Amino acid sequence: MNPNLHLILEEADQAIQRRSINGYRGRVRCGVDLGTAYVSLFVLTEDNQPLVGTYTYAEIVRDGLVVDFGGAVDLVRKMKAEIEERLGFELHSAATAYPPGVPLTEVRATRYVLEAAGLNCSALVDEPTAANAVLEVDNGAVVDIGGGTTGIAVVQDGRVIYTADEATGGTHFTLVISGALKIPFAEAEARKINPAEHPRLFTLVRPVMEKVGSIILNHIQPFDVECIYLVGGTSAFSGIERVIESVTGIKTIVPGNPLFVTPLGIAMNDQLS
Ligand code: ATP
């Protein structure tokens, strides 16, 4: 695994806060992640250090498919302008990603969103492969539990040899909390992403975590997987790794802040511009 992982993830947090950069004029890599719950844009230096980043909640993608093309273009254009202001120069290209199970004909919409927002799409990668650009796992399973999808990749000798995705993720956690506590979705979502609420909510969402664990196990059982690496925003729910480990019987790790792993990996796939 990448020995600098914690450092990179800390730098990603700082990149979100950074309002301007002090004179960096080297080439940059840019990545746009169009997610079910969050859309993010990160810019890295040419040696992959996070410079600036932004993310926002948006409902423009469902099950990995762009369902609001105009809304997605407007949002990416706005985020691009904000980031250019903070950088002090224009961005011309970016990489983006898709959940592994989405047909390539549908994936094209993701590329068109970038192009309509003024960014040349330099690379289109699947999400768990993007995540592994950051994790640098040689052997194991990388599981990206996002808002609407869970992407699974089995890595052997540093190569992704199997990918899959399933339509389950953090949105289901929120729906369960909303139903159980009889509160609106938005309120349930706000409580769910607050770590202080996690101990109280754990028993409610545990069955959904167990379901995610059995889905992961179904996919990785044919392979010799020694360790599962959890990324994606839903992996930030405290204690999820213990549940996945008990269902699968396989050692499970959440590496630092899991929310930014895939967005950073997407940016790492951008050709230098
Ligand atoms: P997908 O990959 O399915 O298209 P996405 O890219 O939007 O979705 P992520 O950005 O990785 O997915 O994660 C978003 C999900 O993570 C949301 O459901 C959000 O509620 C959840 N999430 C974010 N932060 C936390 C947190 N601290 N605790 C629990 N869940 C969180």
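On a predicted model such as this, the values are computed, not experimentally measured, just so you know. Counting convention: from 1, in listed order, for ligands and their atoms alike.
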* What is the nearest protein non-hydrogen atom to atom 24 (N) of ligand 1, stated with its residue, atom name and distance? -> Ile193 CG2, 3.7 Å

* **Trace of the side chain to side chain contact (heavy atoms under 4.5 Å, CB included) decision for Phe42 with Arg29** => CA-CA 8 Å; Phe42 269 94; Arg29 298 178 199 272; over 6 Å; no

* Provide, to 0.1 Å, the distance between atom 18 (O) of ligand 1 and the closest protein heavy atom, together with that atom's residue and name. => Lys192 NZ, 3.2 Å

* To do: Report the part of Glu127 in contact with ligand 1, treating N, CA, C, O as backbone and CB onward as side chain, heavy atoms under 4.0 Å; options are side chain, backbone, both, neither.
  => side chain

* Interfacing atoms of ligand 1 (cut-off 4.0 Å, heavy-atom, Gly146) -> 2 (O), 3 (O), 8 (O), 9 (P), 11 (O), 12 (O), 13 (O), 15 (C)

* **Element-labelled atoms of ligand 1 that are located less than 4.0 Å from some non-hydrogen atom of Gly170** => 18 (O)

* Answer yes or no: is there a side-chain heavy-atom contact under 4.5 Å between Phe237 and Val205? => yes

* Structure fact -> A student checking ligand 1 against Ala37 at a 4.0 Å heavy-atom cut-off should list atoms 5 (P), 7 (O), 8 (O), 14 (C), 17 (C)

* Asked: For ligand 1, which part of Leu259 has a heavy atom less than 4.0 Å away: the side chain, the backbone, both, or neither?
  -> side chain

* Protein heavy atom at shortest distance from atom 10 (O) of ligand 1 -> Tyr38 CD1, 3.3 Å

* Asked: Less than 4.5 Å apart, any side-chain heavy atom of Leu264 and any of Pro50?
  -> yes

* Structure fact -> In this structure, atom 1 (P) of ligand 1 is nearest to the protein heavy atom Thr36 OG1, 3.4 Å

* To do: Determine whether any heavy atom of Gly148 lies closer than 4.0 Å to an atom of ligand 1.
  => yes

* May I ask you to list the atoms of ligand 1 that are less than 4.0 angstrom from any heavy atom of Glu189? => 19 (C), 20 (O)

* Looking only at distances, please establish whether an N/O atom of ligand 1 is found under 3.5 Å from an N/O atom of Asp144. => no

* Asked: Going through the distances and angles, do Asn132 and Thr129 end up as a side chain to side chain donor-acceptor pair (under 3.5 Å)?
  -> CA-CA 5 Å; Asn132 204 35; Thr129 301; over 6 Å; no

* Asked: Is Lys192 reaching over with its side chain to a backbone N or O of Gly170, donor-acceptor style, under 3.5 angstrom?
  -> yes

* Ring centers of Phe223, Tyr162 separated by less than 6.0 Å -> yes

* Structure fact -> Atoms of ligand 1 under 4.0 Å from any heavy atom of Gly232, numbered from 1 in the order shown, are 11 (O)

* To do: Determine, for Arg242 against Glu245, whether the closest basic-nitrogen to carboxylate-oxygen distance falls under 4.0 angstrom.
  => no

* Structure fact -> Residue, atom and distance of the protein heavy atom nearest atom 8 (O) of ligand 1 read Gly147 N, 2.9 Å

* **Asp138 side, atom CG; Cys227 side, atom SG - distance, nearest 0.5 Å** => 12.0 Å

* Applying a strict 4.0 Å limit to heavy atoms, is Val61 in contact with ligand 1? -> no

* For Asp165 and Thr149, run side chain to side chain donor-acceptor pair (under 3.5 Å): C-alpha distance rounded to whole Å, both residues' side-chain angles, the deciding distance at 0.1 Å, then the answer. => CA-CA 7 Å; Asp165 74 0; Thr149 57; 5.0 Å; no

* To do: Check whether Met79 and Val43 end up in the same hydrophobic cluster, where Ile, Leu, Val, Met, Phe, Trp and Tyr are linked by side-chain heavy atoms less than 4.5 Å apart.
  => yes

* Asked: Hey, are Lys78 and Glu82 close enough for a salt bridge, meaning a charged N less than 4.0 Å from a carboxylate O?
  -> no

* Asked: In Å and rounded to the nearest 0.5 Å, what is the OG to CE distance from Ser214 to Met209?
  -> 14.0 Å

* Numbered atoms of ligand 1 (with element) below 4.0 Å of His198, judged on heavy atoms -> 28 (N), 29 (C)

* If hydrogens are left out, which of Pro258, Pro195, Ala190, Gly233 has an atom nearest to atom 30 (N) of ligand 1, that is, the closest non-hydrogen atom? -> Gly233

* **Residue, atom name and distance, where the atom is the protein heavy atom closest to atom 6 (O) of ligand 1** => Gly35 CA, 3.3 Å

* To do: Go through ligand 1 atom by atom and flag the ones less than 4.0 Å from a non-hydrogen atom of Ala236.
  => 26 (C), 27 (N), 28 (N)

